[in-house]
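See below for the structure under consideration.
Quantities reported herein were computed from a predicted structural model and do not represent experimental measurements.
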Number of protein chains: 2
Amino acid sequence: MSENSSERPSSSESAEYFELLKFPTIGADPMHLRDCVQCAMWLKRWLEKIGADVELLLPEGSGLAPTPPVLYAERPGDEGAPTLLFYGHYDVQPPDPLEEWTTPPFEPTEKDGRIYCRGAQDDKGQFFSFLCGLREFLSEQKGSVPNNGERGTGNGERGMENGERGMENGERGISGSVPTIKFLLEGQEESGSDAIAKVAAKMKDRLRADVLLVCDTGAAADLQPAIIAGLRGVSHFTVRLTAATCDLHSGRYGGIAPNAAQGMAELMASLHNPDGSIAVRGFCDRVEPPTDEELAAAESAAMSDEAYRQEMGVAPVGGEKGLSVTARNSFRPTIEVNGIHSGYGGPGSKTVIPCAALAKLSMRLVPGQNPAECMALVERHLRQHTPPGMELFIEDLTGEAPAMRLALNSPMFRLAADVLGTLDPRGAVFQWDGASIPIVSTLARLSGAAPLLVGFGQGEDRIHSPNESFSWRQFMLCRRWAKELLHALSA
Amino acid sequence: MSENSSERPSSSESAEYFELLKFPTIGADPMHLRDCVQCAMWLKRWLEKIGADVELLLPEGSGLAPTPPVLYAERPGDEGAPTLLFYGHYDVQPPDPLEEWTTPPFEPTEKDGRIYCRGAQDDKGQFFSFLCGLREFLSEQKGSVPNNGERGTGNGERGMENGERGMENGERGISGSVPTIKFLLEGQEESGSDAIAKVAAKMKDRLRADVLLVCDTGAAADLQPAIIAGLRGVSHFTVRLTAATCDLHSGRYGGIAPNAAQGMAELMASLHNPDGSIAVRGFCDRVEPPTDEELAAAESAAMSDEAYRQEMGVAPVGGEKGLSVTARNSFRPTIEVNGIHSGYGGPGSKTVIPCAALAKLSMRLVPGQNPAECMALVERHLRQHTPPGMELFIEDLTGEAPAMRLALNSPMFRLAADVLGTLDPRGAVFQWDGASIPIVSTLARLSGAAPLLVGFGQGEDRIHSPNESFSWRQFMLCRRWAKELLHALSA
């Protein structure tokens, strides 16, 4: 299948994609551990068919803990060719709220060229379409690089049924240009990447690579290709406030009893100044601003306010006043309330003064900020602003991942931009994603590889929300990106 | 049974009390309508046994709406004697959270002289112990006022089995001193008193009375009797904020998407100044402060801060700075957040920017404040403070009841204080209850009667909370109060 043929994958490839989507791989939920293991086994077989040696790994000492396995695979290439490390995740977000799905969340359903399913995009759809392009690249190498071991590409459409393993490592050609490809696929990206962080730390040498490939990010407006030049860091934590021993009558005790709901509202409100900037003393002191070139590049790739408003139902008016949307989203840190819960929330009224309140928070960090230092500053702020009569608890701190920012003028980015220019006449833009993929910084450090994050997500895919979807157009674009990138890297 | 005998009611009386408690009369829940009707029927039979004519009433046009009936009863007394209107409510708060009850919420369980059951105090325990005292008073009148019709007092202990109806109205004595007693018992006090407000408005003439008796309030510390000289008014409402069309990824959109959880926190925080005073412009302008006499009387009856802290687990440090606990609780208005809910609240973290938030609020009002005007001021404030990019909705406004404050030097209060002085050597104190019984103002206005609110609640009864209870000591004190008050009113 070439990039100029049909705008959808072959029937056997789409059947494989649907098989992959049907595993309800909610990595955070121990009830779905079995599904995660079965999905990892399925991926193991798939990668073996394209000639990789595959291992399922668990961190030492995880024992009976319900940990979705990390899949590590290696497909040796030609000596002298570059080594690539491909990262993806097979776990997905929980599908709640279930009642908002118009089709079952783990039953891939095609409608108007889009596939609706949890994970259709994030990240199964993105990494699998990349793997399909990679498989096609390998199958095309078979003839042109005679000494390269073809170990079964398994593309049914092309009449090469899998199963027949090719030559063993020793038989491979000594010279040539097919890269060695290493794969790391994890099942806990949506819940902290705990296992892969532990596993990877123990296999630093085996992870050595030249390029770290990740296909888990977004394209620009109308699917214009985007190269991610930066990611924000992240930490999550829970804040609890307690006051009286039980909820109290709002009449009898109103005006004297400390109100935990009101106290939490005041505590959360205290985190920002009236102009929307972060009010935590020292939090932004070490923020490294973007260069003029970075800011200009980011602004040129930005979605228009009107396009944003149409997609989200509201204008992008959150955050700090006096800064552009791009500056706020790409180059400034945030402290976000992900949830707040206290007291009564049912129909009608209940006359209570809540005795406890809970808030879930996340911080997005930018280069220069140290996650532990930022958390210490936030904790000090929260303790200083805890209302009288209440006790503060800070719990469940996770993440603690720093931000990442890459130099725009690297050879890798030039090569990627050239390849993307052949796929889209508009060429590629650089983006500084406001989101975080904490494990990417870790893997970049361990492998010594240059991160190359190119993905084809769009806002309308609604990842993390009900009715997540991915279009065949996105799938095919991602597939072509993989194939052409590998050709370019083998040249 | 006299006030000097055993500290518990007779076995038949406690059996009646337990029967009454076993009806799960959650008036707000249509699933419990049948229980409410059965309870009202039980009360009807009970009141008929003491000689009252009883009707169960529903407001016109309520049709098939699940409305617990209002019970109206009248027991004619001697001509020239005063007319009393007794108000109580047989509905109770929902028992949630069920898992915090140590015994089943509708299975009265005696332990160390306390009865544990939803409604054990509020208001079944309080009004029923009053009715038991009233029944004893009537039985004692039988002999001393020969021409008064004894219509079956139904006190099994006293060997007067019910059923035998006495003389008809015409046969009653022309002169004498047994008061005419009217009863209004409702099943929606905990959910707005809608039906009784409608029913009472239509029967203004029949409700005419000299004294409006209510037994639904608290005593002072260590059960020292308290006469309620004031109640705060109340309004309840719900505030909703909406932002984007769905929850958004907190990384990808953090810093640009309006956050409804954060917006609600800021909106709720905006309602108060840093000193704890209400920040809504004009809200407190018409507040009528207490007289020096009222303030002094209220202060003298106040619980100590230390006693409060021991009971509630936290010092009374809520509300406005610079005012005493009593002043804040009795004579100042409040705006309380009864609940706030938005976004994620489960285990671990979820990287969302919530698109919607909900808050439940109540206002407690003091004399001088008009509920509709106060609500308009709050609404204006909330609209002015709604963060950019969010839409505000104000819903479910209920209550709208003004405050009540009674003159301390009334003859009725003097009489009540004298009676209470015979029950407790410490004498009675006056209290300005921070809570609200909206229907009391309405009934006072319709009946032309002087409200007399004396009850025997204590903080440890934990009304509205799991494991509500009422002690036999409270029950007997309330019973004696009823009997001695009626004797005094007949003198």
Side-chain angles (χ1 to χ4, degrees), chain A residues 28 191 232 234 236 243-252 254-259 261-262 265-266 268-269 312-319 325 328-329 332 334 336-345 348-354 358 360 362 364 388-389 396 398 434-436 464-465, chain B residues 28 191 232 234 236 243-252 254-259 261-262 265-266 268-269 312-319 325 328-329 332 334 336-345 348-354 358 360 362 364 388-389 396 398 434-436 464-465:
Chain A
S191 53
R232 288 196 282 196
V234 70
H236 306 276
T245 45
C246 62
D247 288 353
L248 297 175
H249 191 287
S250 68
R252 209 138 284 167
I256 54 176
N259 181 321
Q262 191 177 304
E266 290 168 4
M268 293 300 102
M312 306 306 165
V314 61
V317 294
V325 167
R328 273 138 58 205
N329 188 222
R332 294 294 292 174
T334 69
E336 293 281 354
V337 184
N338 307 130
I340 179 168
H341 293 275
S342 176
Y344 188 65
S349 62
K350 196 173 178 199
T351 53
V352 289
I353 297 177
L358 173 124
K360 298 275 173 178
S362 60
R364 299 287 165 170
D396 296 335
T398 55
S436 318
H464 292 212
S465 288
Chain B
S191 52
R232 287 195 284 195
V234 70
H236 306 276
T245 46
C246 62
D247 288 355
L248 296 175
H249 190 288
S250 68
R252 210 138 285 164
I256 55 174
N259 182 320
Q262 191 177 305
E266 289 168 4
M268 293 300 102
M312 306 305 163
V314 60
V317 293
V325 167
R328 273 142 54 208
N329 189 221
R332 293 295 290 174
T334 69
E336 293 282 352
V337 184
N338 307 130
I340 180 168
H341 294 275
S342 177
Y344 188 65
S349 62
K350 194 173 180 199
T351 54
V352 289
I353 297 177
L358 173 123
K360 299 275 174 178
S362 59
R364 299 288 166 170
D396 296 334
T398 54
S436 316
H464 292 211
S465 288

Bottom line for A:Asp247: the part with an atom under 4.5 Å from chain B's heavy atoms is backbone

Please flag which part of A:Thr334 lies under 4.5 Å from any non-hydrogen atom of chain B: side chain, backbone, both or neither. side chain

Heavy-atom closest pair, residues A:Val337 and B:Pro354: O-CD, 3.3 Å

Search all heavy atoms of B:Met268 against all heavy atoms of A:Ala265 and return the closest pair with its distance. CB-CB, 3.7 Å

Quick one: does B:Glu336's side chain get under 4.5 Å of A:Leu248's, heavy atoms only? no

Please state whether the side chain, the backbone, both or neither of A:Val325 comes within less than 4.5 Å of a heavy atom of chain B. both

When only pairs under 4.5 Å are counted, which of B:Ile340, B:Asn259, B:Val352 shares the most heavy-atom pairs with chain A? B:Ile340

Of all of A:Ser465, A:Ser436, A:Gly345, A:Gly389, which one pairs up most often with chain B through heavy atoms under 4.5 Å apart? A:Gly345

Do A:His236 and B:Thr351 have side-chain heavy atoms sitting under 4.5 Å apart? yes

Minimum-distance pair of heavy atoms, taken over all atoms of A:Ala435 and B:His249: CB-CE1, 3.8 Å

Say you draw a straight line from CZ of A:Arg252 to CG of B:Asn329; how long is it, rounded to the nearest 0.5 Å? 9.5 Å

Only pairs of heavy atoms separated by less than 4.5 Å count here; which of B:Pro388, B:Pro316, B:Ala28 has the most with chain A? B:Pro316

Under a 4.5 Å heavy-atom cutoff, which of A:Gly254, A:Ser191, A:Ala244 has the most pairs with chain B? A:Gly254

A:Ala315, part contacting chain B, at a heavy-atom distance under 4.5 Å: backbone

Contact leader toward chain B among A:Gly318, A:Ala269, A:Gly319, where contacts are heavy-atom pairs under 4.5 Å: A:Gly318

Just so I know, are the side chains of B:Ile256 and A:Arg328 near enough to count as touching, which here means a heavy-atom distance under 4.5 Å? yes

Most contact-rich option vs chain A, by heavy-atom pairs under 4.5 angstrom, among B:Gly251, B:Ser362, B:Ala243, is B:Gly251

Inter-residue atom distance B:His464.NE2 - A:Cys246.SG, 0.5 Å rounding: 12.0 Å

Using non-hydrogen atoms only, which part of A:Ser342 is less than 4.5 Å away from chain B: side chain, backbone, both, or neither? both

Calculate, to the nearest 0.5 Å, the distance between atoms CG and NE2 belonging to B:Leu358 and A:His341 respectively. 10.5 Å

Checking A:Arg364 side chain against B:Gly255 main chain: does a donor-acceptor pair fall under 3.5 Å? no

The reported gap from OG in A:Ser349 to CG in B:Asn338 (rounded to nearest 0.5 angstrom) is 7.5 Å

For A:Pro258 against B:Val317, the heavy-atom pair lying closest together: CG-CG2, 3.7 Å

Given heavy-atom pairs under 4.5 angstrom as the criterion, report whether the side chain, backbone, both or neither of A:Ser250 touches chain B. both

Heavy-atom distance under 4.5 Å to chain B: side chain of A:Arg332, backbone, both or neither? neither

